[in-house]
Enquirer: 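Next up is a structure, given as structure tokens.
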Amino acid sequence: MAVSVVASPLCTWLVAACMSVSCDKDRTVRSPMGRWARKKRAVMARGEAVMGGRDLAGGGLISAFCGSRIQGIMSSLEPCPEFFSSRNASPFFGENGLLFRPWKKETNRRQTRFARSAAASGSTMAVAVEPAKPAAEKTRTDTKQRRVVVTGMGVVTPLGDDPDEFYNNLLDGVSGISEIETFDCSNYPTRIAGEIKSFSTDGWVAPKLSKRMDKFMLYVLTAGKKALADAGVTEEVLNELDKARCGVIIGSAMGGMKVFNDAIEALRVSYKKMNPFCVPFATTNMGSAMLAMDLGWMGPNYSISTACATSNFCILNAANHIIRGEADLMLCGGSDAAIIPIGLGGFVACRALSQRNSDPAKASRPWDTDRDGFVMGEGAGVLLLEELEHAKERGAAIYAEFLGGSFTCDAYHMTEPHPDGTGIVLCIEKALSEYGIAREDINYVNAHATSTLAGDVKEYQALIRCFGTNPELRVNSTKSMIGHLLGAAGAVEAVATIQAIRTGLVHPNINLENPDENVDASVLVGSKKEPLDVKVALSNSFGFGGHNSSILFGPYKK
């Protein structure tokens, strides 16, 4: 019976080297690579001459990678036909670049036929090679027991820059939506937004950077550092952390729109007038990167941009880094500051915004019959996620536990949800099944509901399909009071969700005066705050492009 030997490409090269003597005659007569071998030997001879006759095996990338004997092997190496039976042969890179050229397709086919004919004839190739030294085993952290908890929160919102202040205003039904004051928008059909009227970076961002950075970056730095302060991460604690195991994932849907817009205006005069930081300060990743630089955190660091689902994507990815044992602490969330002429004008052009300018506080009205579009907002939300044992070891206060989440894509339309809500239902069901959460345990949903005609109803119907049999289910929308914070929405709403778990109170849906005929108002929170012992809370965020995301939080239980 024929015996076949399958080896990796690197092992095959070593096998070919060991067999070079026995294959010498055949190689001289038949090998199509003879000319290559002669050139190779000439190149190496010239290299030795240049090096003054020194043994190249004593240093350089090749010797460091493969050991001191590699030069001798390389200088006489030319694979005999058996090598070509390896269908996965790949080029090998050394100190001078590509040492072995990729084989031509016709050569592969010819040698493949050679190998097949040899196997059919029953011939066997027995090879004795010196066993390679075993690679050092990598230690893997047991991720099955790694739980993720929330130990810090930071916000910058139209209703306050402190998590408690922010949530108390939500509980009281205060609206943060008002007329835009930052610029003259008198010629726009929409002149209202969830605009932050007073914001200071004092004590959080260096004054020099504060003058140059886009507001979305300032929001990231401020909310991120506030989350650390909220978690009791003092300067002393910060210095004791293993910074290689601390990361930042904070995204943005729109990025530095103001910086980029200013650069375009400056370019109309001359490129010399442009802000030299306009490119890096406009990119969505730079807020996350600058925060990591400020803290010296060297763990996972990037941003995700999935439109209005951005924050949830960042939070779930950050949690997964901790679960997989790649990090112990992660700052995560989202930030956006798009209330500028081009941002407002863009959404006006989409015909997505409410035009209830005469009564701004009444403009954002999810699930209400009189809703006429969403209201833009701005701000940032940041969570500090931490591995449970790490949090307990440093004596951190635990606000809630992260229980899981999921992503899906509608793959249907740029701005409209799937008419059957298929992607939303799939997203929710995946989040529950992958993390072993029972449907009946979900009794609170902080919905994405933005106050658009189609979106509100489709999400509500999806929630009823998933949880309609639960009589305890309560649903609300934070956007009724702060508007839609775009990429920051999910993180700010995650803070509201965690605050509901902490306080046992869920905030009202303001402006829900005439519920849409397609919704059951008894499932929705009314015009006043309500007490609720939250078992498991679900927070949804959906974005242009059909991005769906759901994340789950619950009370921390020992």
Side-chain angles (χ1 to χ4, degrees), residues 155 157-160 162-180 190-197 308 339 352-379 381 444-453 455-457 459-460 463 473-486 488-490 492-500 503-532 534 537 539-541:
V155 294
T157 76
L159 288 181
D162 174 81
D164 291 334
E165 176 193 6
F166 164 66
Y167 198 64
N168 287 334
N169 282 325
L170 289 179
L171 291 176
D172 292 339
V174 176
S175 175
I177 297 171
S178 59
E179 293 183 1
I180 295 173
T190 294
R191 300 182 292 278
I192 58 175
E195 186 180 52
I196 296 174
K197 304 301 183 183
C308 304
I339 304 177
L353 299 182
S354 169
Q355 298 182 17
R356 196 184 292 264
N357 300 306
S358 60
D359 193 359
K362 296 283 188 180
S364 185
R365 41 198 318 113
W367 299 297
D368 189 82
T369 302
D370 298 324
R371 66 192 184 280
D372 66 333
F374 75 83
V375 178
M376 286 182 67
E378 63 178 350
Y444 171 52
V445 177
N446 188 299
H448 178 68
T450 62
S451 192
T452 59
L453 294 175
D456 290 7
V457 172
E459 181 183 13
Y460 171 83
L463 292 174
L473 182 66
R474 309 302 292 151
V475 180
N476 64 8
S477 173
T478 305
K479 294 182 180 70
S480 64
M481 286 172 272
I482 63 173
H484 190 355
L485 274 59
L486 308 178
V492 172
E493 289 159 15
V495 171
T497 302
I498 294 163
Q499 290 287 57
T503 63
L505 295 168
V506 293
H507 69 69
N509 286 303
I510 69 169
N511 303 325
L512 185 56
E513 298 166 353
N514 300 299
D516 189 290
E517 62 181 6
N518 295 301
V519 304
D520 180 359
S522 64
V523 176
L524 306 176
V525 181
S527 59
K528 301 292 182 182
K529 62 186 177 186
E530 297 180 9
L532 182 66
V534 179
S539 180
N540 284 333
S541 283

Enquirer: With D162, which residues qualify under side-chain contact (heavy atoms from CB on, under 4.5 Å), at least two apart?
Expert: D164, E165
Enquirer: Sorted by first residue and then second, give each salt bridge (Lys or Arg N to Asp or Glu O under 4.0 Å) pair with at least one member in residues 508-525; sequence neighbours left out.
Expert: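 As it turns out, the salt bridge (Lys or Arg N to Asp or Glu O under 4.0 Å) pairs with a partner in residues 508-525, which skip direct neighbours, are K362-E513, R365-E513, R371-D516.
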Enquirer: Taking I482 as the fixed residue, which of V492, V375, N169 is the one that meets the side chain to side chain contact (heavy atoms under 4.5 Å, CB included) rule?
Expert: V492
Enquirer: So do V495 and T157 actually touch side chain to side chain, heavy atoms under 4.5 Å?
Expert: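 Not touching, per the 4.5 Å side-chain cut-off.
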Enquirer: Apply side chain to side chain donor-acceptor pair (under 3.5 Å) to D359 and list each qualifying residue two or more places apart in sequence or on a separate chain.
Expert: none
Enquirer: Name all residues meeting the side-chain contact (heavy atoms from CB on, under 4.5 Å) criterion together with A500; count only those two or more places apart in sequence or in a different chain, and write none if there are none.
Expert: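 Expected list: Y167, Y444, V506.
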Enquirer: Can you sort out the partners of E493 under salt bridge (charged side-chain N to carboxylate O under 4.0 Å, His left out), two or more places apart, ordered by chain and number?
Expert: K479
Enquirer: List in chain and number order the residues that pass side chain to side chain donor-acceptor pair (under 3.5 Å) with T478, two or more places apart in sequence or in another chain; answer none if no residue qualifies.
Expert: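 Per chain and number, T478 pairs via side chain to side chain donor-acceptor pair (under 3.5 Å) with N446, H507.
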Enquirer: Between R356 and D370, is a side-chain contact (heavy atoms from CB on, under 4.5 Å) present by the stated rule, with each step listed?
Expert: CA-CA 10 Å; R356 196 184 292 264; D370 298 324; 3.8 Å; yes
Enquirer: Evaluate the side-chain contact (heavy atoms from CB on, under 4.5 Å) criterion for residues T450 and D456: first the C-alpha distance (whole Å), next the side-chain angles of each, then the deciding distance (0.1 Å), finally the verdict.
Expert: CA-CA 7 Å; T450 62; D456 290 7; 4.2 Å; yes
Enquirer: Could you name each residue pair satisfying salt bridge (Lys or Arg N to Asp or Glu O under 4.0 Å) that touches residues 167-180, not counting sequence neighbours?
Expert: none
Enquirer: Taking only residues two or more places apart in sequence or in another chain, which ones pass side-chain contact (heavy atoms from CB on, under 4.5 Å) with S480?
Expert: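 With neighbours one apart ignored, the set is P366, I510.
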Enquirer: To the nearest 0.5 Å, what is the distance between CD1 on I339 and CE on M376?
Expert: 5.5 Å
Enquirer: How about D368 and N511: do any of their side-chain heavy atoms sit closer than 4.5 Å?
Expert: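 Contact flag for D368/N511 side chains = no.
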Enquirer: Looking at residues at least two apart in the chain, or sitting in another chain, which of them share a side chain to side chain donor-acceptor pair (under 3.5 Å) with S539?
Expert: none
Enquirer: Could you list the residues that satisfy side chain to side chain donor-acceptor pair (under 3.5 Å) with T503, not counting sequence neighbours?
Expert: none
Enquirer: Compare every heavy atom of A496 with every heavy atom of L170, then report the nearest pair and how far apart it is.
Expert: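 Residues L170 and A496, closest heavy atoms: CD1-CB, 4.0 Å.
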Enquirer: So which pairs with a foot in residues 521-531 pass salt bridge (Lys or Arg N to Asp or Glu O under 4.0 Å), sequence neighbours left out?
Expert: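 Of all non-adjacent pairs touching residues 521-531, those that pass salt bridge (Lys or Arg N to Asp or Glu O under 4.0 Å) are R474-E530.
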Enquirer: For G194 and P158, work out which heavy atoms get closest and say how close.
Expert: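 Looks like O-CG, 3.1 Å.
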